[in-house]
Amino acid sequence: MKNILFAASEGVPFIKTGGLADVVGSLPKSLDKEAYDVRVFLPKYSCMKDAAKEKMSFLTNFYMDYNWKNVYVGILQAEVDGIKYYFIDNEYYFSGPKPYGDDGLFEIERFAFFSKAVLAALPLIGFRPDLIHCHDWQTGLIPVYLKERFQGNDFFWNIKTVMTIHNLKFQGKWSIPEVKSITGLPDSFFTSDKLEAYKDANLLKGGIVYADAVTTVSETYAEEIKTDFYGEGLNGLLQARSNDLRGIVNGIDYTDFNPETNPLIYQNYTPKNFRKEKVKNKLALQEELGMNVDKDVMMIGIVSRLTDQKGVDLIAYVMDRLCQDNIQLVVLGTGEVQYENMFRHFDWKYHGKVSANIYYSEALSHKIYAGADAFLMPSLFEPCGLSQLMALRYGTLPVVRETGGLKDTVQPYDENAGTGTGFSFRNYNADEMLNTIRYAEHVYYDTRREWNLMVDRAMAADFSWKVSAAKYQEMYDWLIG
Ligand code: ADP
Ligand code: GLC
């Protein structure tokens, strides 16, 4: 039995702001239970829902030297679907209305605390991992602290680490003197071959430098991040580590995201009966959202963080033109105020046709994945993207830009070959996107048989964790030896 520890800042079913939580919630239970004992560390946020908190019980606590103080570390535990979870509890660091705050320096202090506390907690819970799988900048200091202080102790000797990059845009950077003071790491760590990047201390960089292997969440993104455009300043380092860097595409939880059984949608359907049953979801959704009720209109769905990453500016640019077409647009998302207001404006202007839902709702997200005909995701960059996988699973055809995981998971329609599971365009250009949406409209309205055959293929595509979990296992085995 090999012991694997996941450390991350979010995970379903406890706390979620985006796809990272889906991955942390679904990958551990997809690994072979006979061969791996996988456990997960998360922060215990006050903003977690009561249902999540009720699953937890107090395990133990200790005090840890951190940022010139002796700081309380509580450890809570829970078990879900056979996976053991542990939570690092500290009111000062993890209270607040959201998991992530706006104060950059305090963010660094909070997650550096989490990283150190995870390592310090291990001997107390009696679990010695053979490998720690770290996710994103919030856990970037785990490989660093492990090498710098913990590995001197027998318990920690020879623990391996993997750093997975879910989004290179976020790196956890701040001025060196302040990070040095907070983390207690010695001067020698803040050089350009270690944590320093462009004069700042960079936590993700630390993780990339010190981890035994680095992964990201699709093959295309693994290539893209070695270039200037996608590399966010770390492309040089990623090139240098390219022998230890690989892309493993995410899966989704095929039990949760199952149109046959999911209780959150209005009408369950299957690959066999979607031609008759799926449309009932569209009609009920139109009704619920106060849109024009029309079974024939092509409904386009968007479920997304409303940020630059997701290509929302392209959508804003063509909204008026798009709304001249015979379509409906349903949006669910939160993010930058300018984009939230943009969608509110078009909901007002094209009422009945556009529905802007500017909040977070698991239930509505499923209803959109099930009810829409097409799913729009024109991202500027997309490490993997899970929303398009959810859409495919529900037979809702993605319209995407060919980048990162979108390129790897959506096969563009080829009408001659009769292949494809969606529609895609190449350049980050609003007219190109609009043309592609219009091509999808044409296929939908004029060649419905072809559209439905594409839905068949989309629903038959397999983006469960089966293949990718095996790739992680292979990597763990290789590293652990
Ligand atoms: P990212 O992690 O970059 O936000 P992903 O596509 O990997 O993008 O994952 C997004 C996840 O968050 C999906 O599970 C999607 O359904 C969910 N999501 C995004 N916005 C909302 C929202 N407003 N309400 C409910 N779920 C949302
Ligand atoms: C990040 C990326 C997204 C990816 C998710 C899970 O949030 O933006 O593309 O799917 O992580 O890996």
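Computation of the quantities below employed the complete heavy-atom set of this structure, encompassing side-chain atoms and omitting hydrogens, waters and symmetry-equivalent molecules. All ligand and atom numbering here is 1-based and tracks the order in the structure. When a residue number appears, it is its place in the shown sequence, counting from 1.
At least one N/O-N/O distance between Gly19 and ligand 1 falls below 3.5 Å. The shortest N/O to N/O separation between Met390 and ligand 1 does not fall below 3.5 Å. Here's the thing with Lys310: none of its N/O atoms is less than 3.5 angstrom from an N/O atom of ligand 2. Here's the thing with Val23: none of its N/O atoms is less than 3.5 angstrom from an N/O atom of ligand 2.
With a heavy-atom cut-off of 4.0 Å, Cys384 does not touch ligand 1 at all. Contacts with ligand 2 closer than 4.0 Å are made by side-chain heavy atoms of Val217 only, the backbone lying farther away. At a 4.0 Å heavy-atom cut-off, ligand 1 does not touch Gln388 at all. When non-hydrogen atoms are compared, ligand 1 lies under 4.0 Å from the backbone of Leu386 as well as from its side chain. In Asp22, neither the side chain nor the backbone holds a heavy atom less than 4.0 Å from any atom of ligand 2.
Put simply, the side chain of Pro43 does not reach to within 4.5 Å of the side chain of Phe113, judged on heavy atoms. The shortest distance between side-chain heavy atoms of Leu31 and Tyr476 falls below 4.5 Å.
In this structure, atom 1 (C) of ligand 2 lies nearest to the protein heavy atom His166 O, 3.1 Å. Of the protein's non-hydrogen atoms, the one nearest atom 10 (O) of ligand 2 is Gly385 N, 2.8 Å.
Salt-bridge formation is detected for the pair Asp253/Lys29: a Lys NZ or Arg NE/NH1/NH2 atom is positioned less than 4.0 Å from an Asp or Glu carboxylate oxygen. Under the 4.0 Å criterion applied to side-chain N and carboxylate O atoms, Asp456 and Arg275 are assigned as salt-bridge partners.
Every atom of ligand 1 is numbered from 1 in the order shown, and the set under 4.0 Å from a heavy atom of Tyr369 is 15 (C), 16 (O). Ligand-side atoms of ligand 2 in range of Leu20: 5 (C), 6 (C), range being under 4.0 angstrom from any heavy atom. Close approach of ligand 2 to Gln309 is summarised as follows: ligand atoms under 4.0 Å from at least one heavy atom of the residue are 8 (O). Those atoms of ligand 2 that come under 4.0 Å of a heavy atom in Asn167, given as number and element, are 8 (O).
Side-chain atoms of Glu10 and Tyr45 form no donor-acceptor pair, as typed in the model, at a separation below 3.5 Å.
Under the 4.0 angstrom criterion for non-hydrogen atoms, His166 is not in contact with ligand 1.
The one candidate from Arg401, Gln309, Lys407 that meets the side chain to side chain donor-acceptor pair (under 3.5 Å) condition with Glu382 is Gln309.
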